[in-house]
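Have a look at the structure below, then the notes.
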Amino acid sequence: MRPFTTLRSKAVPLIQDNVDTDAIIPSREMKSVSKDGLADGLFAGWRYLDAAARIPDPDFVLNKPQYDGAQILLGGANFGCGSSREHAVWALAEYGFRAVIADGFSPIFRGNCVRNGLLPIVLDPRPLAGVDGELDIDLAAQTVRAGDAIWHFDIDAEGKMMLAEGLDPIALTLRLAAAIDAHERADRAAHAWAWNVLPEARR
Amino acid sequence: MAPRTLFDRLWDAHLVQDLGGGTGLVAIDRILLHERTGGIALKALAESGRAVRDPARVFVTMDHVVDTFPGRSDRTLMPTGTQFIVATREAANRAGATLFDLDDPRQGIVHVISPENAIVLPGLTLVCPDSHTCTQGALGALAWGIGSSEAEHALATSTLRVSKPATMRITIDGELDPTVTAKDLALYVVAQLGSGGARAHAVEYAGSAVRALPVEARMTLCNMATELAAFTALIAPDDATIDYLAGRTYAPTGADWDAAVAYWHTLASDTDARFDREIAIDARDVTPMVSWGTSPQQSIPVDGRVPARDPLDNAEGHDRSLDYMGLSDGQPLLGLKIDASFIGSCTNSRLSDLRRAARLLEGRKVAPHVRAICVPGSTRVKAEAEAEGLDRIFTDAGFEWREAGCSMCFFAGGESFGAQERVISTTNRNFENRQGPRTRTHVASPDTVVASAIAGRIADPRRLGDG
Ligand code: SF4
């Protein structure tokens with residue numbers, strides 16, 4: 001995963017409360033056996049006048065030319081609520097977003113963001129939406145800046161470390177391989193019956 | 001040592017390392033996958049350049065999008081369904097996992113085949129990217145549903161980072177009336193506690209009524225713990241559990257069996273163990289239940305009336321449910337005309353469910369306007385039912401008899417009931433659009449589904465044959 005250090009980008013304002021995962025990626029857009037190919041379906045219900053024909057709605061904020069290439073999304077309260085579908089985060093990341101700044105996130109969505117290298121920042125997005133130009137995010141300093149204006153945000157230590165080092169939880173856990181091996185050795189000794197039934201042991 | 005709950009025992013036995021902040025690194029003994037979510041996890045893991053750490057503990061089945069029509073193949077009514085099947089098969093074979101493919105006698109709904117083959121055993125941890133994995137807690141295992149990235153994590157490391165849930169005991173004492181099934185009990189609990197009633201708790205079902213349930217019925221009860229938003233459910237193993245497991249495909253044998261049984265006898269909550277929450281339910285209060293709304297908590301006795309106000313829900317949700325279901329306040333459920341009936345799903349598709357349904361159905365006919373479908377939970381259940389002649393009872397009565405799978409529990413297989421059709425179903429979820437676009441689902445026990453299919457209307461199974 002790409003480490004997150006700093007980011008300079010314009011921010012797209014989509015400041016509504018309770019933007020749910022089905023709005024972010026409608027279930028009919030999750031057609032294939034893959035995490036990829038989802039960017040096209042991002043916000044499909046809002047982004048297109050006709051989702052099947054992919055005719056863009058010029059009034060939807062993502063389609064406005066001034067936000068081309070923006071990597072920061074501004075949201076409202078309880079952003080990413082609804083189901084646990086991780087496709088919502090995959091779609092945002094594939095589209096090019098690297099940070100979401102919102103009044104608040106659903107806990108599962110927030111966890112999915114961190115797991116996928118998307119920085120979730122809890123901050124009032126309204127002052128940021130008024131900024132003309134780009135925002136500077138600094139994860140180490142936990143700040144968002146626009147010119148002289150500066151906002152601080154909180155993030156848990158583990159989430160910060162994972163994002164900063166570009167680690168996903170698997171990489172983090174693989175650092176504990178010795179402890180996992182030791183646990184398995186002890187368990188094999190104590191509960192051999194649970195291991196001897198596995199197909200490999202029988203082969 | 002301080003007194004411990006069964007959950008604590010299983011947690012402690014699997015804790016590899018305390019990660020701080022209430023999170024633990026937990027060893028995972030068995031990983032189950034199905035083609036709808038498991039294929040993605042295997043494929044994504046391979047694409048990230050990582051391997052499955054221990055393929056021997058990974059079991060893959062085809063259940064969700066597969067066709068259940070006789071003579072099925074990889075083709076499905078879902079436009080991209082074949083892709084899921086093929087991709088999962090290839091990924092499972094590449095990873096060296098055990099695959100129960102479409103033509104395998106062990107194929108079936110993941111939560112049916114795992115207990116049936118003793119893949120789940122008391123005292124183990126088991127995960128599956130599927131929300132009804134809690135079903136398998138009925139065997140005394142710590143079994144819970146996970147997300148896609150977590151499945152990758154479990155595959156790559158044989159562990160998960162888990163935030164330790166709180167504990168809750170639901171004690172059900174007293175005797176269930178013989179006309180009342182585990183499904184009615186499950187619906188009753190959800191109606192009492194609400195759909196968030198056990199949020200993030202590990203629920204232990206206990207009490208004399210739970211002990212008295214056969215093992216398959218315990219699975220039905222645990223199945224619907226996810227409808228309480230529970231982390232999972234579990235039931236301490238006892239002699240019934242041990243008898244159920246003996247001789248099954250992946251059950252220990254010989255000296256291993258004896259060692260396992262000795263260990264399983266230690267798996268219970270200490271008498272003085274403290275739970276974060278305790279709920280008591282009197283089994284004698286439970287009667288046959290049917291859902292009226294679009295959430296399982298919106299369930300009432302079959303002879304009841306739609307409540308004027310859903311005590312657990314907001315007014316808006318209540319009105320929306322009524323509108324979706326085409327019902328009004330105070331309306332009785334009995335006598336509501338149905339268009340279809342469905343017996344199947346990981347809640348009620350085991351041999352005991354089919355036997356119970358067939359016993360009521362024998363010598364009777366489904367009402368002519370009702371489409372009736374029975375889908376065994378596994379290929380083995382289907383074969384056993386056929387050996388007993390149950391399939392004939394179903395087909396003679398007018399039921400379709402299908403191949404094993406999730407089928408129309410939800411319409412990801414591409415097959416669905418019609419818009420505004422009223423369906424009575426042994427499944428677990430009556431959510432909007434679950435069984436088809438705008439389809440109206442009433443969940444109930446196999447008994448109630450059979451009684452209703454015969455009457456052509458929602459009917460009381462206690463009065464079958466009254467005319
Ligand atoms: S039968 Fe229904 S609830 Fe059970 S696993 Fe299949 S789709 Fe899910």
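Proteins come first, then strands; the chains are lettered A, B, ... in the order of their sequence lines, and each starts at number 1.
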So what's closer than 4.5 Å to chain A heavy atoms on [X]: side chain, backbone, both or neither?
| X | answer |
| --- | --- |
| B:F84 | both |
| B:A156 | both |
| B:P129 | neither |
| B:L124 | side chain |
| B:D258 | neither |

Using heavy-atom distances under 4.5 Å, tell me whether A:L172 contacts chain B through its side chain, its backbone, both, or neither.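 Contact with chain B is through both the backbone and side chain of A:L172.
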Among B:R36, B:R50, B:E35, residue most engaged with chain A (heavy-atom pairs, under 4.5 Å):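 The answer is B:R50.
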When B:T157, B:L121, B:L19 are compared by non-hydrogen pairs under 4.5 Å with chain A, the top option: B:T157
Residues of residues 154-169 of chain A contacting chain B, heavy-atom criterion under 4.5 Å, by residue number: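 Interface residues of residues 154-169 of chain A: A:E158, A:D168, A:P169.
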In Å and rounded to the nearest 0.5 Å, what is the [atom1] to [atom2] distance from [X] to [Y]?
| X | Y | atom1 | atom2 | value |
| --- | --- | --- | --- | --- |
| A:D36 | B:K43 | CG | NZ | 7.5 Å |
| A:N196 | B:W257 | CG | CH2 | 14.5 Å |
| A:D187 | B:D29 | CG | CG | 6.0 Å |
| B:Q17 | A:T173 | CD | OG1 | 9.5 Å |
| A:L176 | B:R161 | CG | CZ | 6.5 Å |

Return the minimal non-hydrogen interatomic distance between [X] and [Y], and the atom names on each side.
| X | Y | value |
| --- | --- | --- |
| A:V197 | B:R30 | CG2-NH2, 3.5 Å |
| B:S158 | A:E184 | CB-OE2, 3.8 Å |
| A:W193 | B:D256 | CB-O, 3.4 Å |
| B:A56 | A:P199 | O-CD, 3.2 Å |
| A:N116 | B:S149 | ND2-OG, 4.5 Å |
| A:K35 | B:A44 | CE-CB, 3.6 Å |

Within the supplied structure, the quantity of interest is the number of heavy atoms (other residues, nucleotides, ligands) at a distance under 6.0 Å from [X] [atom1]; does it exceed 12?
| X | atom1 | answer |
| --- | --- | --- |
| B:R89 | CZ | yes |
| A:R126 | CZ | yes |
| A:R8 | CZ | no |

Ion pair present between B:R53 and A:D181, side-chain N to carboxylate O less than 4.0 angstrom? yes
Where the side chain of A:H183 meets the backbone of B:A13, is there a donor-acceptor pair that is under 3.5 Å apart? yes
Would a 4.5 Å heavy-atom cut-off, applied to side chains only, mark A:W90 and B:S148 as touching?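 Yes, close enough: below the 4.5 Å cut-off.
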